[in-house]
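Reading through the structure tokens given below for one structure.
In this text the structure is predicted, and so the values were computed from the model without any measurement.
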Amino acid sequence: MMKKSFAIVFISLIFAFILITSTTFFSRSDVSANNDAVIRYEKVKVQAGDTLWSIAKEYYQEPCGDIRDYIDRITECNALDSDDEITEGCYLCVPVYTEDVQSRKEDVK
């Protein structure tokens, strides 16, 4: 009897894990899955008190995925290490995702 209930609990846990994992994988918002998203880069001047987090929050949009991933993209674009600090007056290259057709036309010009 004990083995049977253990097997049921174990199988239920495995099923729940598979369900949660597959839901997370397939529902993740990713730019590569969104063919309409266009990436352009903006030059942003760092102001006093700015952090990577505050800049990411200002420019973050849904196609970016998780905000931590977006911060990683900003870090990569600017060849920063995770422990690098940004300083007032420097410029950062920030990826901006858009689906706006008008901005696409302006980017092409």
Side-chain angles (χ1 to χ4, degrees):
M1 186 72 158
M2 184 74 135
K3 287 184 179 181
K4 188 175 184 179
S5 63
F6 177 76
I8 291 172
V9 169
F10 184 72
I11 291 172
S12 298
L13 288 173
I14 290 174
F15 180 73
F17 176 76
I18 292 171
L19 182 65
I20 290 169
T21 304
S22 63
T23 302
T24 303
F25 178 75
F26 289 112
S27 68
R28 184 173 176 216
S29 175
D30 193 358
V31 172
S32 62
N34 185 354
N35 294 333
D36 294 333
V38 175
I39 301 172
R40 60 184 172 81
Y41 295 89
E42 288 192 18
K43 184 170 66 170
V44 176
K45 186 173 184 177
V46 177
Q47 304 296 320
D50 279 350
T51 63
L52 284 176
W53 184 263
S54 67
I55 292 171
K57 281 177 55 178
E58 183 177 342
Y59 289 90
Y60 173 80
Q61 295 175 343
E62 189 62 34
C64 301
D66 185 75
I67 194 161
R68 291 171 295 239
D69 294 334
Y70 186 57
I71 291 170
D72 289 342
R73 288 187 191 107
I74 295 171
T75 302
E76 290 172 12
C77 287
N78 294 281
L80 298 171
D81 290 329
S82 59
D83 58 347
D84 284 346
E85 292 186 23
I86 56 175
T87 56
E88 179 182 1
C90 72
Y91 287 88
L92 292 176
C93 178
V94 177
V96 178
Y97 301 89
T98 183
E99 294 180 19
D100 182 21
V101 175
Q102 183 61 34
S103 70
R104 282 188 195 178
K105 288 179 183 176
E106 291 172 6
D107 288 344
V108 172
K109 290 181 181 179

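Under the 4.5 Å side-chain heavy-atom criterion for grouping Ile, Leu, Val, Met, Phe, Trp and Tyr, Tyr41 is connected to Leu92 within one hydrophobic cluster. Following chains of ILVMFWY side-chain contacts shorter than 4.5 Å, one can reach Leu80 starting from Val46, so the two form part of one hydrophobic cluster.
Side-chain atoms of Tyr60 do not come within 3.5 Å of backbone N or O of Ile71 as any donor-acceptor pair.
Two residues are said to be in side-chain contact when any heavy atoms from C-beta on lie closer than 4.5 Å; Tyr59 and Val44 meet this criterion. Using a 4.5 Å cut-off on side-chain heavy atoms (C-beta onward), Asn78 and Val94 make no contact.
Scanning for salt bridge (charged side-chain N to carboxylate O under 4.0 Å, His left out) contacts around Glu76 gives an empty result, with sequence neighbours left out. Residues that satisfy the side chain to side chain contact (heavy atoms under 4.5 Å, CB included) test with Gln47, not counting sequence neighbours, are Lys45, Asp50.
Once rounded to the nearest 0.5 Å, the distance linking CG of Asp69 with CG of Asp66 reads 5.0 Å. If you take CG on Leu52 and OH on Tyr70, they are separated by 11.0 Å, rounding to the nearest 0.5 Å.
For the residue pair Ile74 and Cys93, the shortest heavy atom distance occurs at CG2-O, 4.3 Å.
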